[in-house]
Each structure stands twice: as structure tokens, then as C-alpha cells.
Amino acid sequence: MLNPCDESFLARLRGLLPEGRLTAPEPRHLEEPRGRWHGVAGAVARPEATAEVAAILAACHDARVGVVPWGGGTGLVGGQLMTDGPAPLILSLERMARLRGAYPLENALVVEAGMILADVQAEAARVGRFFPLTLASQGSARIGGNLAANAGGVHVLRYGNTRDLCLGLEAVLPDGTVFDGLTRLRKDNAGYDLRHLLIGSEGTLGVITAASLRLFPVPAATVVALLAVPSPQTALDLLCLAQDRLAGMVSAFELIHRTGFDFMEETGLELRAPLDPLPDWMVLLELGLAAGIEPEVVMAGLYAAAADRGLVADGVIATSDAQAAALWHLRETIPEANRRVGAVSSHDISLPLSAIPGFIARAPAELAGLGDFRINCFGHLGDGNLHWNVFPARGRSRNDHVGVRETVKTRVHDLVHELGGSIAAEHGVGRLKVADLSRYGDPGKLAAMRAIKAALDPRGIMNPGAVLG
């Protein structure tokens with residue numbers, strides 16, 4: 001049984017910390033981007049050093065006070081807030097945002113967990129290197145939260161998830177023990193890898209305070225194109241062709257349905273695809289090339305080869321950085337258009353690549369009879385991650401379908417599970433998908449997860465209610 005973060009506990013905590021480390025919660029600490037949930041909290045702790053995090057967690061462990069780690073608040077599954085129960089302490093890492101070291105010859109960067117992702121990218125660029133994690137929320141998301149959620153983004157196809165970009169971690173465990181695993185080693189088989197246990201645990205096993213990150217050489221040239229494709233299947237065929245011709249150089253491969261652009265027009269965002277007529281399906285393709293390769297020539301050659309096979313019907317190739325940024329801006333505006341329309345049910349799913357065309361064809365039929373819906377399907381096709389979101393018909397609201405929201409989600413997730421996919425691709429489980437994890441998760445894995453949670457956090461103070469409930 002947890003205790004609330006009340007005034008008597010805060011009085012004890014103030015005696016352990018420098019002045020100014022405890023403040024009242026602000027609205028941003030108690031809400032999430034989609035506005036579906038609102039949290040509770042007794043206070044916000046704002047440590048500036050790992051030792052302070054350790055003191056906070058030790059005190060919470062001793063008093064059985066829940067702790068909700070908070071990064072940038074950009075998560076979409078409710079992992080950053082508690083909606084009920086004894087008021088927890090929110091632990092914000094925003095004051096721990098320092099660069100601890102840059103090692104360009106090692107392709108490594110050591111930063112504190114509160115550094116904003118865009119600043120991590122900038123620090124890498126400052127030493128002539130590239131940090132490839134790229135998200136729409138990178139201007140406010142913090143690297144500790146990215147690691148805790150094992151964030152994905154648009155470059156997973158080439159560089160991997162956040163898990164693959166981390167060499168080592170410093171973290172504080174629930175009882176206040178500091179795990180000093182901030183190594184820059186590429187090989188270290190000395191026992192269990194606690195780094196990978198903490199990455200993706202969504203703050204339920206401890207608090208990440210710093211990370212050693214993998215950097216990469218900056219591509220000598222980058223080229224972006226928006227291509228019209230006849231179908232999801234031909235999009236996959238195009239991906240295969242691109243990887244065969246340009247092994248290791250395909251950085252991003254995004255599938256976009258025209259509904260995303262319809263939503264932009266409907267909600268006044270006034271962005272149009274530079275293709276006329278607007279096709280039903282498009283691919284946004286980015287290549288990162290080695291020195292000596294002419295980007296426009298390579299992309300034009302790929303287009304010609306794809307056209308010969310009937311894989312593309314139209315397209316535009318960016319001829320400047322500004323044009324490339326404009327094409328990416330179109331893709332990154334789709335979530336904002338979705339938010340303005342208001343989804344009945346959103347699904348962050350992954351599937352085996354070969355199963356994706358079948359899923360896209362079958363899924364609408366699973367919703368037959370539940371309502372008049374529009375589907376916006378888009379996402380990171382190159383790594384099998386789709387955002388398959390269900391919206392009300394034009395002129396109606398998601399509130400008109402509240403009674404069927406759970407049924408919609410269940411039918412979509414049932415099909416994903418049948419096809420060997422995952423119901424939590426890149427956003428995590430948080431609190432939104434706790435029941436889904438129980439329904440679709442492997443029993444052996446769930447038993448192991450509960451055992452690990454009990455061993456590291458026997459009092460259940462870390463992010464109560466998230467992931468395992």
C-alpha cells in the first residue's frame with residue numbers, strides 16, 4: 001500500500017535536499033498531449049545531480065511514496081502521469097541537462113537524461129557527428145524519456161530504436177542505489193546487461209540519470225523524395241528495390257495515405273502534397289549517401305528502375321535542403337491534423353513486413369457495423385510500424401463513438417495479434433495499454449517481468465500503475 005506525497009513527507013524531503021528542489025505541480029505535469037487524462041501529484045522534485053535523485057528515491061522507498069519520472073511530458077500512452085491513487089511525487093529531470101563529454105573519435109556522446117533531444121542532436125553536430133534519433137516532438141522530448149520508452153522515430157530502419165543508440169547508462173534504482181554503467185564500450189559481456197533492462201521499462205524499474213550515446217558519421221549527402229505508389233504492396237516492393245540497389249543507405253521509408261492530407265485541409269493547416277492529382281498512397285523516402293555519390297542522380301535512377309517495374313506512378317525529388325525539409329514537414333504535420341480531427345481510437349502497431357498489406361486490406365472490415373469511420377494509415381513502413389488510426393466521419397465527433405472505442409481497439413489489436421504483430425510498437429505501454437499487455441502478452445514474459453519488478457521495486461513505488469498495472 002502506497003502513501004501519499006503529503007506535507008509531512010515533503011517536510012522530511014526538504015531536509016535532505018538543497019533549497020528550491022521541491023515545487024508545486026504545474027499544469028504541464030498533470031496532462032498529456034492528447035488531453036485524455038489528467039494526473040494527480042503532491043509535489044514536483046527537480047534534482048540537479050544524481051546524488052539528489054538517489055536521496056529522493058531512498059526517501060520515497062522508505063516512506064512508500066510513489067514516484068512518477070517526468071521528462072518532456074510528450075508520451076502518448078499515459079506513462080508520465082498517475083490519474084488516481086495516493087498522490088505521488090513527480091520526479092522531473094529537466095534540471096539535469098548537462099553535456100558530460102563528447103568523444104568524436106569514439107562516436108560517443110555522454111549527456112544527462114534531462115537534455116532535450118534536439119540539443120543532443122546539436123551537440124553531436126557540434127563535433128561533426130550525427131545522432132539519428134528523430135521525432136516530431138524532438139524540441140521538447142528529453143533523452144531520458146526517449147530511453148525509458150525506447151522511442152522509435154523515422155530513422156529506425158537504418159539506425160535502430162533508441163535502445164540501439166545507447167552504449168551505457170547511469171541510473172538510480174528504487175531504493176536509492178546508483179547504477180554506474182555509463183560506459184562507452186562497444187563490447188562488455190561481464191554479466192547481465194542492466195542497460196537493456198532499464199531501457200523501455202518506462203520508469204517502472206528506476207530513473208535514468210545519464211546516458212552514453214552512439215554517434216555516426218554525417219552522411220556526405222542526403223536526398224528526399226515523395227513518391228506515388230499504387231498500393232502498400234508496391235510500397236514494400238519499392239523498399240526492397242531501394243535496399244537492393246543502395247544497401248545501407250536507405251535512412252527512412254514512410255508510408256502515407258491521402259487521408260492525412262485531407263485532414264490537413266479540413267483542419268485549416270493549409271499544407272498540400274506537391275503531387276497532382278493526389279494519390280491514395282505515397283512513400284516519403286530518404287537516402288543518406290557516402291562521398292562521391294551524386295544524390296539526385298541516384299534517386300532519379302531508383303525512380304526509373306521502380307517505374308519500369310510499375311512500382312511508382314509519380315513523384316517529386318527535393319533538389320535543396322529547403323525542399324527536403326518541406327517534404328518532411330508534410331509528414332510531421334499529420335499527427336497535428338489527427339489531433340485536430342480527434343481520433344476514435346489510435347493504434348501504434350508493428351507487423352512483419354510481409355503481413356502489412358494484408359492487415360491494411362482486412363482491418364476496415366473488422367470495424368464493419370460499429371460506425372461510419374475514416375481511417376488514416378501512415379507510419380514507418382521500413383521497420384513495420386504503422387499508425388492505424390480510426391476517426392469519425394466528417395461533421396461528426398469522436399464523442400459520438402465513445403461507446404464503441406474499446407471494441408474498435410480490441411478488434412484491431414486482435415487482428416494484429418493474429419498476424420504476429422505487436423500492439424505497442426514505439427510509444428510503449430504506459431497506462432493506456434496495461435490491459436492489452438495482459439491480454440496479448442506471452443505468459444512467460446509477463447511472469448518474468450513481474451518477478452523483475454518485485455526484485456528491484458518490492459514496494460512498488462516506481463511509476464505505479466504503468467506497464468504491469
All N/O donor-acceptor pairs, side-chain side in residues 291-315, below 3.5 Å, sequence neighbours left out:
unit_1: R309; atom_1: NH1; unit_2: A305; atom_2: O; d: 3.0

- Side chain to side chain, R126 and E123, heavy atoms closer than 4.5 Å: yes
- Task: Provide the closest heavy-atom pair for V40 versus G85 in the form atom of the first, atom of the second, distance.
- Result: CG2-O, 4.2 Å
- Check whether any side-chain heavy atom of L135 lies under 4.5 Å from a side-chain heavy atom of N146, and answer yes or no. yes
- Query: Would you say the side chains of S345 and R405 form a donor-acceptor pair under 3.5 Å?
  - Reply: no
- Does the side chain of S350 reach to within under 4.5 Å of the side chain of D383, using non-hydrogen atoms? no
- Side chain of Q323, backbone of T319: donor and acceptor closer than 3.5 Å? yes
- Side chains of T410 and T407: donor-acceptor distance under 3.5 Å anywhere? no
- Query: Mind checking whether P219 and L289 have side chains closer than 4.5 Å, heavy atoms only?
  - Reply: no
- Message: Side chains of L167 and V110, heavy atoms from C-beta outward: is any pair under 4.5 Å?
- Response: no
- Message: Looking at every heavy atom in both I208 and A148, which two are closest together, and how far apart are they?
- Response: CD1-N, 4.1 Å
- Message: With rounding to the nearest 0.5 angstrom, report the CD1 to CG distance, I143 to D119.
- Response: 11.0 Å
- Which value, rounded to the nearest 0.5 Å, describes the distance between E112 atom CD and E94 atom CD? 13.0 Å
- Ring geometry between H155 and F130 (parallel below 30°, tilted from 30 to 60°, perpendicular above 60°): perpendicular
- Mutual orientation of the aromatic rings belonging to H417 and Y440 [parallel < 30°, tilted 30-60°, perpendicular > 60°]: tilted
- Separation between CD1 of I317 and CG of L287, rounded to the nearest 0.5 Å: 9.5 Å
- Donor-acceptor under 3.5 Å (Q80 side chain, G73 main chain): yes
- Message: Is it the case that the side chain of E366 and the backbone of R411 share a donor-acceptor pair, with hydrogens and angles ignored and the cut-off at 3.5 Å?
- Response: no
- Salt bridge or not for R431 and E32, using N-O below 4.0 Å? no
Could you give the side-chain donor-acceptor pairs of residues 388-403 under 3.5 Å, partners two or more places apart or in another chain?
unit_1: N389; atom_1: OD1; unit_2: H347; atom_2: N; d: 3.0
unit_1: S397; atom_1: OG; unit_2: N399; atom_2: N; d: 3.0
unit_1: D400; atom_1: OD2; unit_2: S397; atom_2: N; d: 2.9

- Task: Drop me the distance from L197's CG to M449's CE, to the nearest 0.5 angstrom.
- Result: 9.5 Å
- Item | T234 side chain to D237 backbone, donor-acceptor under 3.5 Å | no
- Item | With K409, the salt bridge (charged side-chain N to carboxylate O under 4.0 Å, His left out) member among D348, D414, D436 | D436
- Note on the structure: For R163 and H196, the nearest pair of non-hydrogen atoms, with its separation, is NH1-O, 2.8 Å
- Query: Would you find a donor on one side and an acceptor on the other, under 3.5 Å apart, between the side chain of R98 and the backbone of E48?
  - Reply: yes
- Tell me, do P33 and L76 make a side-chain contact under 4.5 Å, heavy atoms counted? yes
- Item | CG on L437 to CG on L468, rounded to 0.5 Å | 6.5 Å
- Item | Validation row: R142, L93 side chains within 4.5 angstrom (heavy atoms) | no
- Can you check whether A435's main-chain N or O pairs, donor with acceptor, with S438's side chain at less than 3.5 Å? no
- Query: Roughly how far apart are L246 CG and L241 CG, rounded to 0.5 Å?
  - Reply: 8.5 Å
- Flag the pair L284 / V224 as yes when at least one side-chain heavy-atom distance between them is below 4.5 Å, and no otherwise. yes
- Charged N to carboxylate O below 4.0 Å: is that the case for E406 and R439? no
Only distances under 3.5 Å count here; give the side-chain donor-acceptor pairs of residues 252-264 to other protein atoms, sequence neighbours excluded, each with its distance to 0.1 Å.
unit_1: E254; atom_1: OE1; unit_2: R331; atom_2: NE; d: 2.8
unit_1: E254; atom_1: OE1; unit_2: R331; atom_2: NH2; d: 3.1
unit_1: E254; atom_1: OE1; unit_2: H380; atom_2: ND1; d: 3.0
unit_1: E254; atom_1: OE2; unit_2: H380; atom_2: ND1; d: 2.8
unit_1: H257; atom_1: ND1; unit_2: T259; atom_2: N; d: 3.1
unit_1: H257; atom_1: ND1; unit_2: T259; atom_2: OG1; d: 2.9
unit_1: R258; atom_1: NH1; unit_2: L278; atom_2: O; d: 3.2
unit_1: R258; atom_1: NH2; unit_2: D262; atom_2: OD1; d: 3.4
unit_1: T259; atom_1: OG1; unit_2: I375; atom_2: O; d: 3.3

